There are 4 protein chains.
Amino acid sequence: MSANPLDSPPDRRTQILRASMICFAKRGFHQASMHDISAEAGISVGLIYRYFENKDAVISAMADEHKREIHDVLERARLAPTLLEAFEIIFTWDCSENSPQIVSAFVVDLFAEAGRNPRVADLVRDVARTAMEGVTDLIARSPEATNLPYDLQPCEITEMIFAVNDGILMRDVLTPNRTSAERRERQTQFARNLWRLLFSAKPEPALA
Amino acid sequence: MSANPLDSPPDRRTQILRASMICFAKRGFHQASMHDISAEAGISVGLIYRYFENKDAVISAMADEHKREIHDVLERARLAPTLLEAFEIIFTWDCSENSPQIVSAFVVDLFAEAGRNPRVADLVRDVARTAMEGVTDLIARSPEATNLPYDLQPCEITEMIFAVNDGILMRDVLTPNRTSAERRERQTQFARNLWRLLFSAKPEPALA
Amino acid sequence: MSANPLDSPPDRRTQILRASMICFAKRGFHQASMHDISAEAGISVGLIYRYFENKDAVISAMADEHKREIHDVLERARLAPTLLEAFEIIFTWDCSENSPQIVSAFVVDLFAEAGRNPRVADLVRDVARTAMEGVTDLIARSPEATNLPYDLQPCEITEMIFAVNDGILMRDVLTPNRTSAERRERQTQFARNLWRLLFSAKPEPALA
Amino acid sequence: MSANPLDSPPDRRTQILRASMICFAKRGFHQASMHDISAEAGISVGLIYRYFENKDAVISAMADEHKREIHDVLERARLAPTLLEAFEIIFTWDCSENSPQIVSAFVVDLFAEAGRNPRVADLVRDVARTAMEGVTDLIARSPEATNLPYDLQPCEITEMIFAVNDGILMRDVLTPNRTSAERRERQTQFARNLWRLLFSAKPEPALA
DNA sequence: AATGAATGAGGCTTCATTCAT
DNA sequence: CATGAATGAAGCCTCATTCAT
């Protein structure tokens with residue numbers, strides 16, 4: 001087809017996973033057919049099976065991708081100069097893509113699938129655990145958290161953060177028309193509000 | 001089977017919806033077959049079609065049930081003597097059933113479905129809007145919220161509450177073995193922590 | 001379709017197995033598609049799965065039918081007045097059907113399948129063992145066999161009989177155009193020849 | 001892979017056919033995939049198509065091989081000093097290979113295939129006819145058969161021989177664990193027994 | 001009101017075959 | 001000569017839905 005070495009073996013796996021993400025977000029794991037995926041990827045159905053053993057393997061690979069992405073986000077959050085900025089990175093992790101609603105739809109489906117498919121459940125649990133450990137550590141090492149408000153345990157704070165974060169994501173499937181920028185703006189606001197509630201003794205004068 | 005007029009048509013609709021809830025939680029909307037539901041309900045497949053036009057109608061009816069349940073919860077929350085107690089009612093609304101993991105699995109799937117099925121999306125959005133209005137009103141009328149912390153808007157507070165609430169629920173699918181009591185305990189704690197963050201200038205001396 | 005109680009529930013299982021026999025003989029177990037079978041039976045594909053778990057189960061059921069048929073043949077042979085007549089019954093067991101080539105094609109495929117499918121192999125082995133025990137017993141109790149020729153063991157005689165019988169059947173797939181009567185005639189001749197070789201000290205004056 | 005001219009094209013056809021024999025015996029003609037064959041032969045799928053037009057051509061070529069082998073066996077039988085030895089050669093033709101069960105599984109499948117594939121049927125029929133002519137001739141020219149027992153025609157004797165021979169082979173698929181030596185021993189015994197029944201007026205004193 | 005046999009479209013997967021390299 | 005990525009038709013099986021009883 002093309003002799004361009006840049007796309008010659010266009011990394012089929014990635015190509016298929018990208019198409020799968022779109023289809024899964026649009027129709028759900030089990031409503032998306034292998035034909036949907038192949039059409040979205042612009043390849044034949046059979047070719048998918050050269051790269052994935054079966055449909056479940058595609059789902060698992062997507063979960064793996066998700067895991068990797070969350071790890072990247074955590075890494076970036078760790079490098080942030082302030083805890084507030086780390087919060088902002090974490091709360092907007094799904095807004096870098098062109099179509100953020102794809103990410104939220106996918107993740108909600110991923111959790112739904114985790115409720116039934118043990119292989120997926122293990123993966124998602126693993127992601128959740130690692131992410132929480134990372135954030136707990138982040139907080140523990142940050143100056144803002146030297147004297148935590150009230151008697152909240154660090155892990156309680158982390159749980160609160162992730163609950164808010166996942167709750168936003170879950171509700172996002174209800175407003176699919178928000179642009180990436182709007183979403184980012186909104187989620188940044190959540191990050192700041194939560195940060196203030198948690199670490200700020202007094203209201204900030206002028207942040208937003 | 002039975003000619004006993006007391007249980008003869010024991011509200012078939014409810015019977016079917018109850019069975020559907022179990023099947024949907026166990027396998028997901030689209031993985032649960034009509035046969036699964038009929039078997040769980042102990043009736044024949046054909047009978048379901050006498051009460052519901054098709055499978056989608058069952059899903060919509062379940063969403064309706066959910067709407068009604070959330071309305072009940074809000075009503076109970078409205079009657080609570082204090083805002084903290086209202087919080088506790090809201091945060092533990094899914095813990096009254098015998099098998100709370102059924103509720104969380106169902107709701108996560110409901111949101112996932114809302115991302116694709118406009119009919120379901122409208123319903124869930126409507127539930128969400130009504131619930132948020134109710135809670136915003138609850139807060140506005142409560143003495144604790146006379147002077148809100150920082151510069152948070154009432155609707156921002158409500159969004160935070162629902163984000164936390166939905167986030168907990170979403171993550172609950174990962175820990176299916178928690179008992180109803182454990183879940184209730186945990187979610188009550190979230191309610192209290194969030195309440196303190198939002199409305200308490202100082203740490204409470206002895207609440208738990 | 002029909003209110004005739006004789007065919008009202010036309011014993012779907014039997015109907016499916018009869019169609020399967022035809023399809024399997026015509027195309028082989030694995031070349032015959034479920035669609036072929038359903039078309040031959042005049043029903044839909046899905047209906048087959050109400051009576052058989054999957055295609056393998058159909059094959060196994062056919063093997064079971066075969067087992068039952070062989071048992072019947074043995075029973076009839078046991079009741080025969082003379083050993084020669086028993087031989088004739090055994091050697092022509094596959095000639096009662098309208099289309100005897102169907103039986104031979106099926107059985108050869110059954111043995112081929114037995115070479116790979118352990119479940120089928122067990123069944124066929126079981127049939128073979130039972131049949132040989134029956135024939136060995138038949139011979140042992142027959143007057144013709146009081147003094148066996150040479151030093152042949154009863155089981156060696158039985159093995160010879162079954163080898164000849166199966167060999168005829170195997171070669172029959174090469175001459176599919178023989179009528180049932182021709183086949184019966186031919187196989188009867190084999191029975192008589194083998195009987196004479198085994199039990200007759202001298203040539204029979206006028207049998208054929 | 002290798003530039004060594006000695007093994008570079010190590011008679012690809014033979015290599016492919018040898019691999020096919022193994023795969024066909026193991027899984028049957030139609031269950032064995034071209035990929036199975038290529039893997040067994042240690043080459044790529046595409047290469048098979050350089051030597052064979054399609055899968056059917058491989059099957060036909062295997063049938064051809066079979067024909068050639070049977071011709072060889074007949075030739076060797078013809079050169080045997082006595083008819084009994086000729087019998088023994090014929091009855092053990094499939095025992096020279098390392099894995100005799102491969103041969104029997106293959107031949108049973110070949111006959112099954114002959115029942116459907118006319119091209120294969122013609123080939124197998126041709127083999128059968130030639131072989132029978134050869135053996136009939138062998139018997140006609142042998143001193144043992146000067147005065148045949150009873151009133152058996154030479155061709156009837158030949159048919160009996162081949163029936164026994166094929167019957168043994170067919171049943172062999174049920175006992176796949178016999179060694180080559182055991183199989184040879186057993187089939188030699190059949191040869192002797194049949195020989196005695198056919199040509200020996202009296203039991204042999206001490207042959208086995 | 002209730003059953004469950006029956007249908008057939010559609011999903012997942014395999015595999016013979018081709019072809020660019 | 002040799003590879004193996006790619007295709008797409010076809011096979012097995014499921015399941016929402018209907019309908020005669």
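Below, read A as the first sequence line, B as the second, and so on, with proteins coming before strands; counting in each chain starts at 1. Since the structure is predicted, the reported quantities are computational estimates derived from the model, not experimental observations.
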| said: Only Watson-Crick and G-U wobble pairs with both distances less than 3.5 Å should count. Give DNA chain F in dot-bracket notation, marking inter-strand partners with |. | reply: .||||||||||||||||||||

How many whole angstroms separate atom [atom1] of [X] from atom [atom2] of [N]?
X	N	atom1	atom2	answer
C/Arg12	E/dG4	CZ	C1'	13 Å
A/Asp11	F/dA6	CG	P	11 Å
A/Gln15	F/dA5	CD	C1'	12 Å
B/Ile48	F/dC15	CD1	P	14 Å
A/Tyr49	F/dG11	OH	C1'	13 Å
B/Ile16	E/dA1	CD1	P	11 Å
C/Lys55	F/dG11	NZ	C1'	8 Å

| query | Using a cut-off of 4.0 Å on non-hydrogen atoms, how would the nucleic acid contact of C/Tyr51 be classed: base, sugar-phosphate, or nothing? | reply |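 The answer is sugar-phosphate, as C/Tyr51 gets under 4.0 Å only of primed atoms, P, OP1 or OP2.
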
| message | Students often get this wrong, so: under 4.0 angstrom with heavy atoms, is C/Ile43 touching a base, only sugar-phosphate, or nothing? | response | sugar-phosphate

| note | Note: A/Ala61 and A/Leu17 closest approach over all heavy atoms is CB-CD2, 3.8 Å

| Closest approach of C/Ile16 and C/Phe52, non-hydrogen atoms and distance? |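 For C/Ile16 versus C/Phe52, the nearest heavy atoms are CG2-CE1, 3.6 Å.
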
Is it true that, when you exclude [X] itself, more than 12 heavy atoms of the residues, nucleotides or ligands shown sit nearer than 6.0 Å to its [atom1]?
X	atom1	answer
B/Arg27	CZ	no
A/His30	NE2	yes
C/Arg18	CZ	no

| Electrostatic pair B/Asp56-B/Arg119, nearest N-O below 4.0 angstrom | no

| Sidechain N-carboxylate O distance under 4.0 Å for C/Asp64, C/Lys67 |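 C/Lys67 and C/Asp64: not salt-bridged.
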
| Residue whose nearest DNA chain F nucleotide is more 5′ - C/Leu47 or A/Val45 |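 Closest to the 5' end, via its nearest nucleotide, is A/Val45.
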
| query | Where each residue is assigned the nucleotide of DNA chain F containing its nearest heavy atom, which of C/Asn54 and A/Gly42 is assigned the position nearer the 5′ end? | reply | A/Gly42

| Which residues within residues 20-39 of chain D lie with some heavy atom under 4.0 Å of an atom in DNA chain F? |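 Heavy-atom cutoff 4.0 Å gives no residues at all.
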
| request: For A/Glu53 and for C/Gly46, locate the closest nucleotide of DNA chain E by heavy-atom distance; then report the residue assigned to the nucleotide nearer the 5' terminus. | output: C/Gly46

| When you measure from the side chain of C/Arg50, which nucleotide among F/dT3, E/dT14, E/dA5 comes out closest? |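 Output: E/dA5.
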
| field | Nucleotide nearest B/Ser44 (side chain, heavy atoms from C-beta), chosen from E/dT14, E/dA2, E/dA16 | value |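 Output: E/dA2.
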
| query | For the rings on B/Phe24 and B/Phe106, is their centre-to-centre separation under 6.0 Å? | reply | no

| field | Between B/Gln15 and B/Arg12, a side-chain donor and acceptor under 3.5 Å | value |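 Note: B/Gln15 and B/Arg12 side chains meet the donor-acceptor criterion.
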
